[in-house]
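Step one of this worksheet: look at the structure below.
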Amino acid sequence: MSDSPATAVQFLDARGERVSSAASERFSEYADEVTVELLQSFYRDMLVTRRFDEAAAALQRQGQLALWVPSVGQEGGQVGAARATKRQDWIFPAYRELVMARVRGVDPLQLIDMLRGNTHGTWDWQSTHFHQYTLVIGAQSLHGTGFAMGLALDGKASTGNRETDAAVLTCFGDGATSEGATSEAFVFATSYQAPVVFFCQNNGWAISVPTSTQTRTPLAVRAAGFGLDSVRIDGNDAIAGYAVTRALLDKARVGDGPGFIESMTYRIGAHTSSDDPTKYRSSDEVDEWGARDPITRVRLRLEAESVDDEFFADVDAEAADTAADLRARISQRPLPTAESMFAHVYSEPHPVMAAESEWLRQYEANLAGES
Amino acid sequence: MSDSPATAVQFLDARGERVSSAASERFSEYADEVTVELLQSFYRDMLVTRRFDEAAAALQRQGQLALWVPSVGQEGGQVGAARATKRQDWIFPAYRELVMARVRGVDPLQLIDMLRGNTHGTWDWQSTHFHQYTLVIGAQSLHGTGFAMGLALDGKASTGNRETDAAVLTCFGDGATSEGATSEAFVFATSYQAPVVFFCQNNGWAISVPTSTQTRTPLAVRAAGFGLDSVRIDGNDAIAGYAVTRALLDKARVGDGPGFIESMTYRIGAHTSSDDPTKYRSSDEVDEWGARDPITRVRLRLEAESVDDEFFADVDAEAADTAADLRARISQRPLPTAESMFAHVYSEPHPVMAAESEWLRQYEANLAGES
Amino acid sequence: MSTQQLPAQLPIAKAINAGLRAAMADDDKVLLMGEDIGTLGGVFTVTAGLEAEFGERRVFDTPLSEDGIIGSAIGLAMAGFRPVCEIQFDGFIFPGFDQITSQLAKQTNRHVGSMAMPVVIRVPYGGGIGAIEHHQESPEAYFAHTPGLRIVSPSTAHDAYWMIQEAIASNDPVMFFEPKRRYWQKGPVDPSNSGLPLHAARVVREGTQGTLVGHGAMVGVMLQAAELAAADDVSLEVIDLRSISPIDFAPIISSVEKTGRLVVVQEAPSFVSVGSEIAAQVSERAFYSLQAPVIRVGGFDVPFPPAKLEGLHVPDADRVLDAVERSLGY
Amino acid sequence: MSTQQLPAQLPIAKAINAGLRAAMADDDKVLLMGEDIGTLGGVFTVTAGLEAEFGERRVFDTPLSEDGIIGSAIGLAMAGFRPVCEIQFDGFIFPGFDQITSQLAKQTNRHVGSMAMPVVIRVPYGGGIGAIEHHQESPEAYFAHTPGLRIVSPSTAHDAYWMIQEAIASNDPVMFFEPKRRYWQKGPVDPSNSGLPLHAARVVREGTQGTLVGHGAMVGVMLQAAELAAADDVSLEVIDLRSISPIDFAPIISSVEKTGRLVVVQEAPSFVSVGSEIAAQVSERAFYSLQAPVIRVGGFDVPFPPAKLEGLHVPDADRVLDAVERSLGY
Ligand SMILES: Cc1ncc(C[n+]2csc(CCOP(=O)(O)OP(=O)(O)O)c2C)c(N)n1
Ligand SMILES: Cc1ncc(C[n+]2csc(CCOP(=O)(O)OP(=O)(O)O)c2C)c(N)n1
Ligand SMILES: [Mg+2]
Ligand SMILES: [Mg+2]
């Protein structure tokens, strides 16, 4: 650890100024990779996702979605971390990693399918290297660790080649750190020196429960105790997200040990569309964090770098298009068939599946015949 | 933390010399409580237990016990920690806390009952304040924590009164720290500032698996990351066990927060009577630790303090008596009745228990009638 | 027990809330704990207002760990408390499975009766609310197979109010399964008379030609089926199990002795389920009375499907009637 | 598959060892992981010698966490491996229950078939070895109720050798229950012919007056009972289930059609168990053939008792014969 793991690394402050500190020094080489062009891509990912997010929330209110899980306010750390992954890397998300999904090329309508109740989540994890959402808090932390162990066993990681070795980025929230599975993932990751970096979005809340109920020490300090290379970042600073994730992934991929990032951010919206956060938190707190918006600061930086209006207009247009596309396509998503309930429970033939799907087929046919 | 939690506190070295260091300073006030008389009691507890332990192991080899779980080599930390508990305190053991059981007044024959297959462990936990053994690794860590939360809720702890407030000492091994439950206990203990001290006997091995597979950092460092007041001790030094446990219990009992002790010791014997440790570890390692025996060093200290031979002879006699008592009583332990299978599954009447126990009664009667 | 002023009709969620309030007022050893149950009042508002009323000492949010919740509740029970734990959704009980199965269920037996385990675990369960994965399961079979646990599930506001209090009063661990899709179904509550003991089944509709038995949200489905059957002049008896472990077989056997036919209805997958047990025992105990085999209607033996398919997966009145027809066909 | 030189008679533990060796030699994606399985070779020596033979990369000790073992095995399977996990004893599987139930069993379905889950979980199970608490349970019902898992249990060395290989070759998760008290029971192994497919039941003794069905260590008990019955001129058919999920009902139904009577034998508590399912289905599918109700012989519905009582708890030939007598009494 370059410094106490509790000191947050920041490269871009809320006013869009480039900053540095003793804590950030270790990562400045990686921060320097963030060209204006790369920063523009961050901006685009964040803004388009924000507009998509807002559109989806609106569609949920109109009854088009069973549930919506917003990521508003958390785009900064997410875009930095996701853009820090190399093509060969893999992401194991929790369920609030909307920007990361975009960065890895997931069709957002497939995310929508899940929240509409059509599927349990069916994007192409093999080509996107972006795994399904995991809804049982903490469970994916072990999957990501085992997967990383597998990469190393396979010679796809830990060979010492920083360009071609692969690594895993595993995401979860502050609340998830209380589940035994998450601690167990730390144990396995360190025991096998697996090429994995844990990306914990500490957004202050686990539904209505503040982070202070889950921990009395910074989560980065807890993770460091397990022997993870542990860093706290300003989670609303995309550059910090990028630089620190890149550094820790590069270290992990070559076999030099797993890492942990505590990304200090805030959930500006509700936990999900089912939640009413006014019941448990103050609007002051929300406002305070609103002033630290991750998108605004990148925009200020880009403006300071004299990026022209055309770029911003183009991003706005893409955002509008993406939202429009969502509205246009949402009601045309393919519905699941009855048969699909039975078809994939097992990879190989199973007599109960055959019998039950046949029974349902005939039952449905009879019902249709009767009416 | 007075010092890095990874520096082991020691007050009595392997040659029986009183020592101190920067790490031990914080606890010297408590170490000073260890009068020659108290040290004599440590010696007695350890030696009598060692002889009992050896006698039980021999009886197991003769087929009198299904299993034996030795604690040879680990008596130092155990006696110190157990003698550090106040009358109102509670111990939640794992299954290797033979000295602690003695200190809390458990009838050792009741421990034997369990290992003989007569019971699942039935000593009087209410009067001894020594809970049953828990065989599912790590599970008791949460029970001890919840119990400590209860003491505080009940006004039996955390009132600020160091004399009367109660606290909990919860034991487990190095291997147990990998189970999610143990980490969860750390989370709950710190979240509620429960009056509990975790006593981890790091004896180098979890059956055949070395501690290095469970952790790459000292376990005391891991626990400190959770916000536990965390101290590593020479686990073969009864005085360190006493002083540090007493300090942390006193802190925890008044509501100043939970603690963690990593007691560095060694399992001189097999994991249990079913185990053959020569398959996985060197005799050199065993010899090395044999030279750090916890009983020898207290004896050397007592001799240096001019304790007379009469005392040692008396302890030897008690040890011999205890072992003889075990041999005499072991085959006369009451056998469990068929009825006892059903009688305590529920506290309140249950139709299935009534029916099945009646069925078995009649079935047995018929069998007896037939033959 | 203290009597509260209750409105004439209460939704089930509010009836549980009222029952919890009554139990807490009666015995200050009763604690409520779980995720989001304090300030928020639970994601289904079942504990709404109770933190404000009884304070954070007795109603508290826990860290996000079901194993931690159950494990520390066991410790609290050892210390003399009566913790009532909320598990936020059915599908999230499994991280706590070890503490329930190997510890909670076994403590009293392990201690040869010297340690009571008055822990209640409240679990909103079942489908029908259009939720995403893990939010619509019916895991009661796992617990029914575990000796040492008691398992109940109310289907009316009256039972919800009383059964939660009886569960809390029990010195044994009780799993309290709340049919979440019925939370807003209203019904009368008689605060002066519980009616039946906790583990009694109840005949909720009398009939002569066949018997339907089930619990929780399925009681409404069975009643609807019986109503439809009546329109076709088929008279069905409907039994609400109320208790899943132990099962009160006497009224089921009597009913089958009268009707000769039994259909068991449940949401859970059928294979190795509570329905299997009922079918097995009734087949044995009413061997000479059954004019047709016991027929089970359950969820399919698949993971709960995406919401758009739940209408097919969870039994409805039509599926029940189809089974009745098959039974009558023997 | 590669052929090893095998002695004429092998104990079951060594047959599994040989099966593991064969699977590892055939496919270098096969990994063995668990507590104490490497240098020590497992507490029952089932993996003895395999670390030395295949190296620490493919046979490795894990940290002490069943949840960690199963959870990381899922990740390894996602990465293309075929992990074979050992759970040291039956009673220690529960800390891994969430990963098995909510993750392992559901991944393939969740991924609409785009993700296979070739994970094997080996579990030494059952009583009869005089062990202390948690070391003698029969938890198969919990897993049988979980869609997405396959469950098998061999009762002979031959089956042990073959079924472990077939389990490893399966693209679905397989729980492999090893009847630990039979580990040292010897039998022949034919390394050139597996005999039956993984999920087929086997008639191990033919008979005409009644059928016994069970699995694992109970197969020996049933055979003993059949032998004793034969001495009394009662002819019993004995069926070894071999597969617990799915259950191969065809030979059971045929047998009952012939004998008219069925006794189901298992070690696990009866309530909501695999035996309940068999009784329920046979009662339905052989309704007109059964001359007596299906009778279940199982462990009592209590936590496994202290070793000195296990002889009463676990069914023996006498208990089976008592049930046969009751069945014949109808
Ligand atoms: C095992 C489990 N328990 C409970 C839940 C219900 N639940 C869903 S999200 C959530 C809070 C998660 O908080 P955190 O990990 O901080 O992530 P965030 O939602 O803030 O991104 C809870 C309790 C769950 N999904 N899984
Ligand atoms: C949940 C669980 N998994 C596995 C076991 C089997 N087991 C018994 S003791 C043991 C090793 C424990 O090591 P440690 O915690 O270091 O304690 P020690 O025995 O060294 O005192 C294992 C794996 C168990 N009892 N419980
Ligand atoms: Mg959060
Ligand atoms: Mg150890």
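Below, read A as the first sequence line, B as the second, and so on, with proteins coming before strands; counting in each chain starts at 1. Predicted model, so just to flag it, every value in this text is computed and none were measured.
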Lys279(A)/Asp276(A) salt bridge by N-O under 4.0 Å criterion: no

Pairing of Asp165(A) and Lys86(A) as salt bridge, 4.0 angstrom limit: no

salt_bridge(Arg246(B), Asp89(B)) N-O dist < 4.0 Å: no

Top of Leu219(A), Thr177(A), Thr215(A), Val187(A) for chain B proximity - count of heavy-atom pairs under 4.5 angstrom: Val187(A)

Residue Gln214(B) versus chain A: region with a heavy atom under 4.5 Å: backbone

Max heavy-atom pair count under 4.5 Å with chain A, selected residue of Ser212(B), Gly180(B), Gly138(B), Gly225(B): Gly225(B)

Salt bridge flag under 4.0 Å for residues Arg162(A) and Asp256(A): no

